[in-house]
Number of protein chains: 2
Amino acid sequence: MARKPVSLRDVAAVAGVSASTASRVLNGQGRVSDATRQRIVEAAERLDFQPNALARSLVSGRSHTIGVLAVNAPGAFVMPVLTGATTRLGEHDLSALIYDSHLDRDLLAATVRKLRARRIDGLLVLGDGSRSGMRSVSEGFAVPVVYAYGVSDDAQDASFLHDGRLAGQIAGEHLLSLGRRRIAHITAWDYDLSARARAEGLSSALDAAGVELVLGHPLHGDWSRQWGVRAAQELLASGAPFDAVFCGNDEIALGVYSVLRDAGLRVPGDVALVGMDNMSGMLGHADTLLTTIDPRLNALGAAAADYLVAAIDGGPYEGGLHSVPCTLVLGESTALDPAA
Amino acid sequence: MARKPVSLRDVAAVAGVSASTASRVLNGQGRVSDATRQRIVEAAERLDFQPNALARSLVSGRSHTIGVLAVNAPGAFVMPVLTGATTRLGEHDLSALIYDSHLDRDLLAATVRKLRARRIDGLLVLGDGSRSGMRSVSEGFAVPVVYAYGVSDDAQDASFLHDGRLAGQIAGEHLLSLGRRRIAHITAWDYDLSARARAEGLSSALDAAGVELVLGHPLHGDWSRQWGVRAAQELLASGAPFDAVFCGNDEIALGVYSVLRDAGLRVPGDVALVGMDNMSGMLGHADTLLTTIDPRLNALGAAAADYLVAAIDGGPYEGGLHSVPCTLVLGESTALDPAA
DNA sequence: CTGTTAGCGCATTCAT
DNA sequence: ATGAATGCGCTAACAG
């Protein structure tokens, strides 16, 4: 229980050697006779010796702690990134010192000092998913800094983001593979870089197949279900024929879905539907009503963490955007067997 | 940039005093003349001195690191707890060393050793929300251990959980306050302690009002939307009149909702609906179709973290269950203005 | 009031 | 092959 931790000297004493010899053995360094090695190892095991990480850190200069600066940690989409990153850090035996909402001018300076006082081995900066540039804080640190779920405004910095363009492309290719040719796109405003990336990806897929978007352009609004409802109504009212809709996110898709159903259209029989975010997956549900694109935010966080750790260990550090691939999650809304 | 960190001796040298005097001043300890104090403070500021937390830890024995043992960190409902806990730890300048899925026999022993090697100041154990007992690991540590989103099987341990009973009670009282008297309950199997707590809470509210549950008992199934669909159909088929349904979670509620709508019933006009989990809130949406109970999992994690930190600082430590209150989130499904 | 000494636990010279 | 000495940066006990 409350037995005080055993130190290296204790082990050395039991083994009848000096502390330095014990240290050597336990770290696999210099040459030591097998006999004494044996004694030391046994003693260490018998005493359940745990080298004090604090003392070790003091001499090595490595704290085994990573700083995490988040814009809004409890955000629905940030949490998976944060969780993915911090649990991956744990797998590397690194702890995470998390400061949320400390990126504004007032707090930042003080936070940077705290982080430096802790001698963090690296820093992870988490954005809020908007691709607009985050102010780089890398200058303030002598250790590697990696940005995730947001992009640093300094091209020298490595930024990790889910590949929105790929998402659009996958969605487009999936719908095309189903034989759909009249594909509409309902999404958020074009100045939202996240929306734009998806739209571009969709376009590239359609272009490659020589197919043109229904109405010739996406329908732009916000990210809400309500917008999905209105947009779907507009689409129906336009009279333009369509057999598929790629929606900017699952919320919009659900709005569209309800309108289509109310209009007596079958999904996917008459209209196939693809969303984005894998909302129900995020909630841990197996019911895949909607075919969707999973941005794999957990993997995004983990990838950023891995990259940071590698960089700390002398690995490569490339500035610019690092994209993490998305995956298609099949649901009933594009099921081959059109029961609905 | 890469300038090496300034040490206490540097400050002392500049101020023309000894290191220990500088230490005293910077820590507000013993009495020092105002003159030298001034010089030291100025020197420290000018050099932007950051006391090395590692060295400080070595002597104080406090690592400022909290261990976190999670059963399944990426779980949809665990993430908010984890995020809430770790960001709160950050507010206390404590880092989190997270080990996920290390509670099984194989890994646990090794993980405990790692945690001890790190000299963690406290441990947080995160369950998966099932109230069934988690094996206590407190014996393995000389520091405070707090359990959250799960209950330790040792009554000596402090466990934090959202108050499911209160949730049921709030739901019941809300429906009663709306004038509903024929209230049904559709939820998961009774051996799920989480489902049972909600059912008990509902019962207590109804009992207090002298109202009896429709059918005299809850409808038990799983947590899925499909079960909500089937249960609602059963309920309708039973012919028993009802004007409200409290559902074990939002998924079930959505299933019930769709059946009611298809049956031509208005929500909340004919039937008011209350769910649980605040799913749409977790996803960051403002659209509150469903009235629901928010388990405040973020707050749960934060509360557990706070309690642990306080205990570390010599605060009280009470074994047993600590409940974190839930809150009602109003949505259209019980709106006073029955538009739908 | 302030400087000197010692020690936290370990790793790493340097001797032997 | 092993032990003694030194230092990582800071705090605390002891002198003066």
Side-chain angles (χ1 to χ4, degrees), chain A residues 3-41 43-44 47-65 93 113-114 116-121 142, chain B residues 3-41 43-44 47-65 93 113-114 116-121 142:
Chain A
R3 63 174 178 275
K4 78 188 49 149
V6 347
S7 83
L8 185 58
R9 316 175 64 126
D10 299 331
V11 175
V14 169
V17 297
S18 75
S20 54
T21 304
S23 174
R24 268 188 285 252
V25 168
L26 267 22
N27 292 319
Q29 302 288 359
R31 282 160 299 285
V32 185
S33 83
D34 279 350
T36 55
R37 167 183 309 279
Q38 193 74 3
R39 289 210 317 280
I40 292 172
V41 170
L47 298 182
D48 190 27
F49 169 64
Q50 308 290 7
N52 186 330
L54 263 29
R56 180 173 271 189
S57 283
L58 180 56
V59 61
S60 72
R62 300 199 27 175
S63 61
H64 298 281
T65 296
D93 295 318
R113 306 183 87 237
K114 283 185 180 178
R116 287 213 300 232
R118 284 280 226 138
R119 300 298 192 267
I120 56 168
D121 294 336
Chain B
R3 61 174 180 275
K4 78 189 50 149
V6 348
S7 82
L8 184 59
R9 315 175 65 125
D10 299 332
V11 175
V14 169
V17 297
S18 76
S20 56
T21 303
S23 173
R24 267 188 288 253
V25 168
L26 269 21
N27 292 321
Q29 302 287 358
R31 283 161 298 286
V32 186
S33 83
D34 279 350
T36 53
R37 168 184 308 278
Q38 192 74 3
R39 289 210 316 280
I40 293 173
V41 170
L47 298 182
D48 190 28
F49 169 64
Q50 308 290 7
N52 186 330
L54 265 29
R56 181 173 271 188
S57 283
L58 180 56
V59 60
S60 72
R62 301 201 23 177
S63 62
H64 298 280
T65 296
D93 295 318
R113 305 183 87 237
K114 282 185 180 179
R116 288 214 299 233
R118 283 279 227 139
R119 300 298 191 266
I120 57 168
D121 295 335

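The analysis underlying the following values was restricted to heavy atoms, covering all of them including side chains, and did not include hydrogens, waters or symmetry mates. A note on names: the letters A, B, ... follow the listed sequences, proteins ahead of strands, and every chain is numbered from 1.
The residues D93(B) and R118(A) are annotated as not salt-bridged, no charged nitrogen and carboxylate oxygen being separated by less than 4.0 angstrom.
Counting any heavy atom pair closer than 4.0 Å across all strands shown, S33(A) reaches sugar-phosphate atoms only and no base atom. Within 4.0 Å of S57(A), counting heavy atoms only, lies no atom of the nucleic acid at all. Residue contacts for S60(B): at a heavy-atom cut-off of 4.0 Å it reaches no nucleic acid atom on any strand shown.
One interatomic measurement links the two molecules: CZ of R56(B) to C1' of dA12(D), which rounds to 14 Å at whole-angstrom precision.
Remark: I120(B) CD1 to K114(B) NZ distance equals 13.0 Å, nearest 0.5 Å. Here the straight-line distance linking atom CG of N52(A) with atom CG of L58(A) works out to 10.0 Å at 0.5 Å rounding. The distance from atom CG of L26(A) to atom CZ of R37(A), rounded to the nearest 0.5 Å, is 9.5 Å.
The side-chain heavy atoms of S57(A) and R119(A), taken from C-beta on, include no pair separated by under 4.5 Å. A 4.5 Å side-chain heavy-atom check between D48(B) and R113(A) finds at least one atom pair inside the cut-off. Within the 4.5 Å cutoff, side-chain heavy atoms of R56(A) are placed close to those of N27(A).
Over its length, the helix from dC1(C)-dG16(D) to dT16(C)-dA1(D) turns its helix axis by 50°, as judged from the five terminal pairs at each end, rounded to 10°.
What you find for S23(A) and L8(A) is that their closest heavy atoms are CB-CD2, 3.7 Å. Heavy atoms only, all atoms of each residue included: A43(B) and V14(B) are closest at CB-CG1, 3.7 Å.
A donor-acceptor contact shorter than 3.5 Å is absent between the side chain of R9(B) and the backbone of A19(B).
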Protein N or O to nucleotides 4-8 of chain D N or O, pairs below 3.5 Å:
{"unit_1": "dA4(D)", "atom_1": "N6", "unit_2": "S20(A)", "atom_2": "OG", "d": "3.1"}

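Protein chain A contacts DNA chain C over a range whose 5' and 3' limits, counting nucleotides with an atom under 4.0 angstrom from a non-hydrogen atom, are dG9(C) to dT13(C).
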